[in-house]
*Asks:* 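Quick one: the structure is below, questions incoming.
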2 protein chains.
Amino acid sequence: MVDRNEGRALHRQLADLLRDQITAGQLRPGAYLPSETYLGQTHDMSRTAVRRAIDLLVNEGLLTKSRGQRTRVREQRERRVVLLAAGDDVETRMPTEAERHQLGIPIGEPVFVVRRAGGRVELHAGSSSTLRAIG
Amino acid sequence: MVDRNEGRALHRQLADLLRDQITAGQLRPGAYLPSETYLGQTHDMSRTAVRRAIDLLVNEGLLTKSRGQRTRVREQRERRVVLLAAGDDVETRMPTEAERHQLGIPIGEPVFVVRRAGGRVELHAGSSSTLRAIG
DNA sequence: CTTGATTTGTACGTATGTATT
DNA sequence: AAATACATACGTACAAATCAA
């Protein structure tokens, strides 16, 4: 329940509620969220605050939005296995805008940066890759 | 230059300008951004739009904010090396709120999820870890 | 195919609170 | 204590994409 006297920001409280519903499985991958307007009415807060709550979860990788469509719980993508040989290094970070569009990565999903022992650098979408060390 | 007739959202245009200045090295790690108010005046847009631009870059891991202080370009943290043995699997994702606070991870930084061949699962802050496969 | 309703996106303004300088 | 800077919260209006009749 969102409580104005709790001291925490309304949008953070709503984000927590929705996050809990997602992790508890009440909102399953692919499920549609209620509209921003409806969420605002039912939780007695402005659409602005609702949007900020949703944005938090989008950036955590839990939700996807697109204009005109309802917001949905993100579905796990099939993961390809990327093999790591001895000496390969890996970092992770958020993609640049350009990388996001090139690789088709949604907001809220990081990338792997793989530096092969030979020096070559590869970029892999984090949401659809699993690295496996094989030595 | 931000152009209202360009068709793209003002905050996206400003985010692009700032991102370019960061990647070009004109805004170096640790550097302070101008205040939201000043950016709004100089680019002729509302503070609201400026804040949305900055939020984009925070979620890309390029900026850090904290209340009362000016916004800064994020500095690279020292990276610890985490060794991967044959059979270890790695995924990457954004941390949950709880994980972010436990591990002291700023907004916009992903985590490594390392599944050891034995079955144990480790979490490593992406911004301060490099994985190295050793076989 | 067209229309109208729904839903998210952009943009502004205002006011107030809280933390830092 | 005062000024500065970011945070929260509301309201309004309109645009653009999608959906449903």
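Protein chains get the first letters and strands the later ones, always in sequence-line order, with residue 1 at the start of each. Quick caveat, the model's predicted, so the values are computed rather than measured. For the numbers below, each heavy atom of this structure counts, side chains included, while hydrogens, waters and symmetry mates do not.
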*Asks:* Please report, rounded to the nearest Å, how far the P atom of dT8(D) is from the CZ atom of Arg47(B).
*Replies:*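 From Arg47(B) CZ to dT8(D) P: 11 Å.
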
*Asks:* Is it the case that Gln13(B) and His11(B) place a side-chain donor and acceptor less than 3.5 Å from each other?
*Replies:*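 The answer is no; no qualifying pair exists.
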
*Asks:* What does Thr71(A) touch in the nucleic acid at a heavy-atom separation under 4.0 angstrom: a base, only the sugar-phosphate, or nothing?
*Replies:*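 Thr71(A): backbone/sugar contact only, no base atoms under 4.0 Å.
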
*Asks:* From the options dC12(C), dT8(D), dC10(D), select the nucleotide whose nearest atom is closest to the side chain of Leu10(A).
*Replies:* dC10(D)

*Asks:* Round to a whole Å and report the spacing from CZ of Arg51(B) to P of dA7(D).
*Replies:*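 Checked: the CZ to P distance equals 5 Å.
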
*Asks:* May I have the distance from Arg8(A) (atom CZ) to dA9(D) (atom P), rounded to whole angstrom?
*Replies:*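 So the two atoms are 10 Å apart, to the nearest Å.
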
*Asks:* Side chain of Thr48(B), heavy atoms from C-beta onward: which of dC6(D), dG13(C), dA11(C) has the nearest atom to it?
*Replies:*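 Looking only at heavy atoms from C-beta outward on Thr48(B), the closest nucleotide is dG13(C).
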
*Asks:* Tell me the partner of dA1(D), counting only Watson-Crick (N1-N3 plus N6-O4 or O6-N4) or G-U wobble (N1-O2 and O6-N3) with both under 3.5 Å; none if nothing fits.
*Replies:* none

*Asks:* Send over the distance from Gln69(A) CD to dC19(D) P, rounded to a whole Å.
*Replies:* 5 Å

*Asks:* Between dA7(D), dC6(D), dG11(D), spot the one nearest the side chain of Lys65(B), thanks.
*Replies:* dA7(D)

*Asks:* On DNA chain D, compare the nucleotides closest to Gln13(A) and Pro34(B); which residue's is nearer the 5' end?
*Replies:*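 Closer to the 5' end of DNA chain D: Pro34(B).
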
*Asks:* Mind checking the CD1-CZ spacing from Ile105(B) to Arg100(B)? Nearest 0.5 Å is all I need.
*Replies:*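 Taking CD1 in Ile105(B) and CZ in Arg100(B), the distance rounds to 8.5 Å.
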
*Asks:* Tell me which of His11(A) and Ser66(A) sits closer to the 5' end of DNA chain D, going by the nucleotide each one is nearest to.
*Replies:* His11(A)

*Asks:* Check whether any side-chain heavy atom of Glu109(A) lies under 4.5 Å from a side-chain heavy atom of Thr92(B), and answer yes or no.
*Replies:* no

*Asks:* Between the base of dG9(C) and the side chain of Arg52(B), is there a donor and acceptor pair under 3.5 angstrom?
*Replies:* no

*Asks:* Which nucleotide in the list dT10(C), dA9(D), dC12(C) gets nearest to the side chain of Arg4(A)?
*Replies:* dA9(D)

*Asks:* Using whole Å, what does the distance between atom P of nucleotide dA11(C) and atom CG of Asp44(B) come to?
*Replies:*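 For the pair Asp44(B) CG and dA11(C) P, the rounded distance is 12 Å.
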
*Asks:* Check the distance between dG13(C)'s P and Glu36(B)'s CD and give it to me in whole angstrom.
*Replies:*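 Checked: the CD to P distance equals 15 Å.
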
*Asks:* May I ask you to decide whether Arg52(B) forms a salt bridge with Asp55(B), counting only side-chain N to carboxylate O separations under 4.0 Å?
*Replies:*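 Salt bridge flag = no for Asp55(B) with Arg52(B).
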
*Asks:* Over how many whole Å does the gap from Arg67(B) atom CZ to dC6(D) atom P extend?
*Replies:*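 Rounded to the whole Å, the gap is 12 Å.
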
*Asks:* Which whole-number value in Å describes the distance from Leu57(A) CG to dT8(C) P?
*Replies:* 14 Å

*Asks:* State which of dT8(D), dA11(C), dG11(D) makes the closest approach to the side chain of Ser46(A).
*Replies:* dG11(D)

*Asks:* Taking all non-hydrogen atoms of both residues, which atom of Pro110(B) and which atom of Pro110(A) are closest, and how far apart?
*Replies:* CB-CB, 3.5 Å

*Asks:* If the cut-off is 4.0 Å, is Arg72(B) near the phosphate of dA5(D), judged by side-chain N/O to OP1 or OP2?
*Replies:*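 Checking Arg72(B) against dA5(D): no side-chain N or O falls below 4.0 Å of OP1 or OP2.
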
